[in-house]
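Written out below as structure tokens is the structure these notes cover.
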Amino acid sequence: MKIVSIVGARPQFIKAATVSRKLRANQAIHELLLHTGQHYDENMSDIFFRELNIPEPDFNLEVGSGSHARQTGIMLRGIEDILIREKPDLTLVYGDTNSTLAGALAAVKLHIPVAHVEAGLRSFNRNMPEEINRIVTDRISDLLFAPTLTAIDNLKNEGLSEITYFTGDVMYDSVLFYKSSVLNDPAKFKTPGIPQKYLLATIHRAENTDNPENLKKILAAFSRLSFEIIVPLHPRTLNILDKTIKIPSHVHIIEPVGYLQMLKLTLDAHKVLTDSGGLQKEAYFLGKPCITLRTETEWVETLHDHWNIVTGCDTDLIVDAVNAPIPAAPRKSGFGDGHAADIILEKLLS
Ligand code: UDP
């Protein structure tokens, strides 16, 4: 079976690393990797391929940054050319980026079956570009691989049960797989100059980066906190911060880091503050309380007993959530058993 897997952004490299490893270990599958180039530099792309042993992409469209329509349009043209030439039996897309949408749309118009990994996530907030990408991708896919039972319910409510399978979350597989590398060689993955006790924060969602007022409120909360705060910052956010906002001295902005260094930063953090989908889950998997800097979350399984507190950019709510006690209740499962990629492989073969 010939499969073209389409990736383009940081979280997709992490998901594809885990799934590709399984696909390529199976003789019946010939996988080609198409990188759209949505994320493209050393810190946002190359380091993930190197560290996670992701095969060199067979194709790179090098689309770079751009508006949603422009970026998606360029991808559509490039992906279509490659699919016409390669004639795969299936196209595999991940998550909710413009690369996901472009891959699914190009393939379905060529009558090439599409399988969507991390299907069924919904924030019910149509202002999020990712929400539109998810809804459209799920609607036009042939196979939907759902990471949680909430995702299964969402797809059922949209009449998509017949093509939906519960697999668990490939990002849970990734954390289990790579955590041991980090624990076995902690010195290698430790960020130099990191304080003993700190909060880890990431900010990159459009709702926070496109609105300087929201970013100011988040930084106002940071300035009221007594912890050092480490912020590996997405290039999009850095552009805005440079221009408009003063950073408190205990907030340490660093370059984006590789996945293994990020796991180590999460493992050693007191708490995590983020608007990232992936990092909310990783905090939960690694037993770190999370404060979600958005008004809703798709990962509702993480909310129980305040393991994840949704604050949006409300300054007081953020400060209170950081100062709240560490949750006492054990975390629940709900993201599968760490074999999501095996289940995906099995379903693809059958
Ligand atoms: N991540 C990383 N380095 C960083 C920041 C994040 O490796 O400097 C990882 C993080 O651990 C998670 C993934 O990137 O696995 C999340 O990606 P992102 O926040 O860009 O996207 P989202 O999950 O919100 O779609």
Side-chain angles (χ1 to χ4, degrees), residues 7-19 38-52 54 65 93-101 117-119 121-123 125 128-134 137 147-148 169-179 181-182 189-191 194 199-209 229-238 252-269 272-286 288 290 292-294 296-299 302 308 310 335:
V7 295
R10 177 169 66 186
Q12 292 168 325
F13 308 143
I14 296 160
K15 291 163 199 166
T18 295
V19 176
Q38 186 177 341
H39 286 167
Y40 45 85
D41 55 18
E42 163 64 23
N43 291 339
M44 295 298 288
S45 174
D46 300 354
I47 189 169
F48 295 91
F49 283 80
R50 224 175 30 247
E51 259 192 349
L52 309 183
I54 306 171
S65 311
V93 296
Y94 293 89
D96 56 16
T97 72
N98 290 340
S99 303
T100 318
L101 174 64
V117 176
E118 207 179 78
L121 272 291
R122 297 290 182 269
S123 63
N125 174 358
M128 281 178 78
E130 295 89 347
E131 182 77 351
I132 308 301
N133 293 341
R134 294 171 189 144
T137 302
T148 60
D169 193 332
V170 293
M171 289 192 88
Y172 183 45
D173 294 20
S174 299
V175 166
L176 294 182
F177 185 82
Y178 292 108
K179 190 172 114 181
S181 310
V182 175
F189 299 108
K190 199 171 166 79
T191 303
I194 220 75
L199 304 171
L200 175 66
T202 73
I203 307 166
H204 77 284
R205 290 266 166 221
E207 68 206 65
N208 289 326
T209 58
I229 307 177
I230 309 299
V231 191
L233 207 59
H234 198 284
R236 186 199 294 162
T237 320
L238 195 58
H252 308 282
I253 308 277
I254 61 172
E255 297 267 318
V257 298
Y259 178 67
L260 301 180
Q261 196 177 335
M262 192 65 185
L263 283 184
K264 176 74 177 142
L265 275 170
T266 310
L267 278 163
D268 293 346
V272 170
L273 299 105
T274 191
D275 56 11
S276 157
L279 189 55
Q280 283 176 62
K281 289 185 289 177
E282 284 159 4
Y284 187 75
F285 300 153
L286 298 172
K288 298 293 163 177
C290 182
T292 292
L293 306 170
R294 290 179 42 201
E296 72 282 306
T297 179
E298 302 79 18
W299 302 105
T302 61
N308 187 4
V310 175
F335 295 88

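One-based numbering, in listed order, for ligands and for the atoms of each.
Looking at Glu255, Glu51, Met262, it is Met262 that brings a heavy atom closest to atom 1 (N) of ligand 1.
Contact analysis leaves Gln280 out of contact with ligand 1, as no non-hydrogen atom separation drops below 4.0 angstrom. Contact between Met171 and ligand 1 is present, with at least one heavy atom of the residue lying under 4.0 Å from the ligand.
Inclusion of Asp275 in the set of residues having an N or O under 3.5 Å from an N or O of ligand 1 is not warranted. For ligand 1, the polar-atom distance check finds no N/O of Thr202 at less than 3.5 Å from any of the ligand's N/O atoms. At least one N or O atom of Ser276 sits closer than 3.5 Å to an N or O atom of ligand 1. For ligand 1, one of its N or O atoms has an N or O atom of Val257 under 3.5 Å away. Considering backbone and side-chain atoms alike, His234 places every N or O at 3.5 Å or more from each N or O of ligand 1.
Taking atom 15 (O) of ligand 1 as the reference point, the nearest protein heavy-atom neighbour is Glu282 OE2, 2.4 Å. The protein heavy-atom contact nearest to atom 21 (O) of ligand 1 is Pro11 CG, 3.4 Å. If you check which protein heavy atom lies closest to atom 4 (C) of ligand 1, you get Arg10 NH1, 3.2 Å.
Residues Asp96 and Arg134 are paired through a salt bridge, judged by an N-O separation under 4.0 Å between the basic side chain and the carboxylate. Between Arg294 and Glu130 there is no salt bridge, since no side-chain nitrogen of the basic residue lies less than 4.0 Å from a carboxylate oxygen of the acidic one.
Listed by number with element, the atoms of ligand 1 under 4.0 angstrom from any heavy atom of Pro232 are 8 (O). Contact atoms of ligand 1 toward Pro256: 8 (O) (distance under 4.0 Å to a heavy atom of the residue). Taking every heavy atom of Gly258 and a limit of under 4.0 angstrom, the matching atoms of ligand 1 come to 7 (O). Listed by number with element, the atoms of ligand 1 under 4.0 Å from a non-hydrogen atom of Arg205 are 22 (P), 24 (O), 25 (O). Below 4.0 Å from some heavy atom of Gly278 lie the following atoms of ligand 1, by number and element: 22 (P), 23 (O). Close contacts between ligand 1 and Tyr259 involve ligand atoms 7 (O), 15 (O) [criterion: under 4.0 Å to a heavy atom]. Listed by atom number, the atoms of ligand 1 under 4.0 Å from Gly277 heavy atoms are 22 (P), 23 (O), 24 (O).
Between Tyr259 and Tyr178, the two ring planes are perpendicular [angle over 60°; tilted spans 30° to 60°]. Relative ring orientation between Phe13 and His39 is described as perpendicular, the plane-to-plane angle rising above 60° on a 0-90° scale split at 30° and 60°. The aromatic rings of His204 and His234 lie parallel to each other, with less than 30° between the two planes, well short of the 60° mark.
Side-chain atoms of Lys15 do not come within 3.5 Å of backbone N or O of Met171 as any donor-acceptor pair.
Atom CD in Gln280 sits 9.0 Å away from atom CH2 in Trp299 (nearest 0.5 Å). Separation of atoms CZ (Phe335) and OH (Tyr284) is listed at 6.5 Å; rounding is to 0.5 Å. Going from atom CG of Leu279 over to atom CG of Leu273 covers 9.5 Å, rounded to the nearest 0.5 Å. Taking CD1 of Ile132 as the start and OG1 of Thr137 as the end, the distance is 11.0 Å to the nearest 0.5 Å.
Of all the heavy atoms of Ile14, the ones lying under 4.0 Å from any atom of ligand 1 belong exclusively to the side chain. Neither the backbone nor the side chain of Glu130 has a heavy atom within less than 4.0 Å of ligand 1.
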Chi angles and distances behind the side chain to side chain contact (heavy atoms under 4.5 Å, CB included) call for Lys264, Val257: CA-CA 11 Å; Lys264 176 74 177 142; Val257 298; over 6 Å; no
Residue pair Ser123, Glu131: steps toward the side chain to side chain donor-acceptor pair (under 3.5 Å) verdict: CA-CA 7 Å; Ser123 63; Glu131 182 77 351; 3.1 Å; yes
